[in-house]
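Atom set for the values below is all heavy atoms of this structure, side chains included, hydrogens, waters and symmetry mates excluded. This is a predicted model, so every value here is computed, not measured. Chain letters run A, B, ... following the sequence lines, proteins first, then strands; residues in each count from 1.
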Protein chains: 2
Amino acid sequence: MKSAHPIESKDETVRQPPRERIVATASELFYRHGIRAVGVEAIAEAAGTNKMTLYRHFASKDELVAEYLRRLAAEAAVFWDGLEKAHPDDPRAQLRAWLKSVEDHVSDPGQRGCALANAAVELPDKDHPARCVIEQFKIAQRDRLIGLCRATGIAEPDLLADELFLLLEGARVCAQSLGPQGPASRLSRMGDALIASHLATV
Amino acid sequence: MKSAHPIESKDETVRQPPRERIVATASELFYRHGIRAVGVEAIAEAAGTNKMTLYRHFASKDELVAEYLRRLAAEAAVFWDGLEKAHPDDPRAQLRAWLKSVEDHVSDPGQRGCALANAAVELPDKDHPARCVIEQFKIAQRDRLIGLCRATGIAEPDLLADELFLLLEGARVCAQSLGPQGPASRLSRMGDALIASHLATV
DNA sequence: CTGGTATGTTACTGACCGGTAACATATATG
DNA sequence: CATATATGTTACCGGTCAGTAACATACCAG
């Protein structure tokens, strides 16, 4: 039988190449147990491979951590773009959809806050390769928020954006200590009130 | 010369007993570098003592971590009591003073967020001796806020309290990724606006 | 078939970790 | 002085960590 194009896949459980399995496994372990709590050997084994293959794809554990965060940032960007397509020319609907999404996310008992923010806590070294990924992600997040608030016609878009930013950031970190039933559970309502309050003062 | 009471101290640089030095040193190192990043040997050496003495006072590193957090929670309680004495029968002034205090705290470039919240990120294990300290601290913090909001005469004190809680929690974690000049710098103004907004809807 | 490339396997290094044993020293109190 | 208690010192244990060397195997392209 002639070899077909490798694109064909019998089922959904195609075995990904080792690099993908390593990143996917590392993502789950890093997020659930913390970055410093997970060793490279455990990652390689859980990914169905070994340490040597891991180090053939990543120069160091720190680089794997950076890649882990880079993927999350990319996924977040995709999510934002999806919001924009779902509510075209309706920035306020985008804002509310985002609030609702974070509220749902926070209510998941398996969630442990923003992986990027957690990484910032675990890696205080300013020259860690992950630091710039974290900072750029948060800047992008804030800029996205500011843009939406401005498009909504708020008088002080930066102020509302920062309020929402802190609210969301606080909700995700708070869910780790007070649980999903804590203050974070009413996030959507709080955000709506904030937006309405700013719209009233136009 | 007869031995005087040991209470007399020639100057401010009295050498504290080893246990105090260990806790103080551990507090600084844990906060600055993260709990998992600091070894017991480094703590003992920086405290001017040794590992054996450390383990004569603390059953394990985890217990030292718990004590570190317990002290911070106690300090926070003292601070709250001070606010109450500084502004007796004026809950709104207490709220504003607290907001201002956190804003100042966040603007300190050496700050790295709430030590309790950071510990929750670093220690996800539910049976870690530090977890209950963290949870009780956050519950107390929230209850204190709710009490102040209720005393202020807010229609929905729980809602405002949770909004302020998330705002403050978000400000401290956000300062770690976006720096002291980020959204957290306008915390006081945001909180005042929130309070005013709730007072208007009485 | 052949040769290059990606991967698997095993064993290893050197460093650090939390925690302990055994013994020496100081200090304060009787 | 004598005794008890707190502290210092050194060395060690078993385990884990990040990272590497050397070699074996698979696989895919020519």
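- Of the listed nucleotides (D:dT7, C:dG19, C:dA22), D:dT7 has the atom at the smallest distance from the side chain of B:Pro18.
- Taking atom CZ on A:Arg36 and atom P on D:dA18, their separation rounds to 10 Å, with Å as the unit.
- Nearest nucleotide to the B:His57 side chain, out of C:dT9, D:dT10, D:dT7: D:dT7.
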inquiry  = Before you tell me yes or no, could you show the steps for A:Thr152 and A:Gln94 under side chain to side chain contact (heavy atoms under 4.5 Å, CB included), namely the whole-Å CA-CA distance, both residues' side-chain angles and the distance that decides it to 0.1 Å?
reply    = CA-CA 10 Å; A:Thr152 311; A:Gln94 293 176 39; over 6 Å; no
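- Mapped onto DNA chain D by nearest heavy atom, B:Arg21 and B:Lys51 fall at different nucleotides, with B:Arg21 at the one closer to the 5' end.
- Of the inter-residue distances, the one linking B:Phe137 atom CZ with B:Arg142 atom CZ reads 14.5 Å to the nearest 0.5 angstrom.
- D:dA18 atom P lies 8 Å from atom CD1 of A:Ile43, rounded to whole Å.
- Set against D:dT10, C:dG18, D:dG19, the side chain of B:Met52 has D:dT10 as its closest nucleotide.
- Here C:dC17 presents its P atom at 15 Å from CG of B:Asp62, a figure rounded to the nearest Å.
- Between B:Arg56 atom CZ and C:dC23 atom C1' the separation is 11 Å, expressed in whole Å.
- When distances run from any side-chain atom of A:Ser60 to the nucleotides C:dG8, D:dG19, C:dG18, the shortest one goes to D:dG19.
- Salt-bridge check for A:Glu20 with A:Arg71: passed, with a basic side-chain N closer than 4.0 Å to an acidic carboxylate O.
- Straight-line distance from the CG atom of B:Leu64 to the C1' atom of C:dG19: 14 Å, rounded to whole Å.
- Taking CG from A:Leu54 and NE2 from A:His57, the interatomic distance works out to 8.5 Å, rounded to the nearest 0.5 Å.
- For the pair B:Arg19 and A:Lys61, both in contact range of DNA chain D, the more 5′-proximal nearest nucleotide belongs to B:Arg19.
- If you find the closest nucleotide of DNA chain C to A:Glu41 and to A:Thr49, the one lying nearer the 5' end belongs to A:Thr49.
- The OH atom of B:Tyr55 sits 19 Å away from the C1' atom of D:dA6 (whole-angstrom rounding).
- Between the CD1 atom of A:Ile22 and the P atom of D:dA18 there is a distance of 14 Å, given to the nearest Å.
- Ranking C:dA22, C:dT20, C:dT9 by closeness to the A:Asn50 side chain, first place goes to C:dT9.
- Not one side-chain nitrogen or oxygen of A:Thr53 sits closer than 4.0 Å to the OP1 or OP2 atom of C:dT7.
- Between the CD atom of B:Glu45 and the P atom of D:dT10 there is a distance of 12 Å, given to the nearest Å.
- The aromatic rings of A:Trp80 and A:Trp98 sit perpendicular to each other, their planes meeting at more than 60°, with 30° as the lower class boundary.
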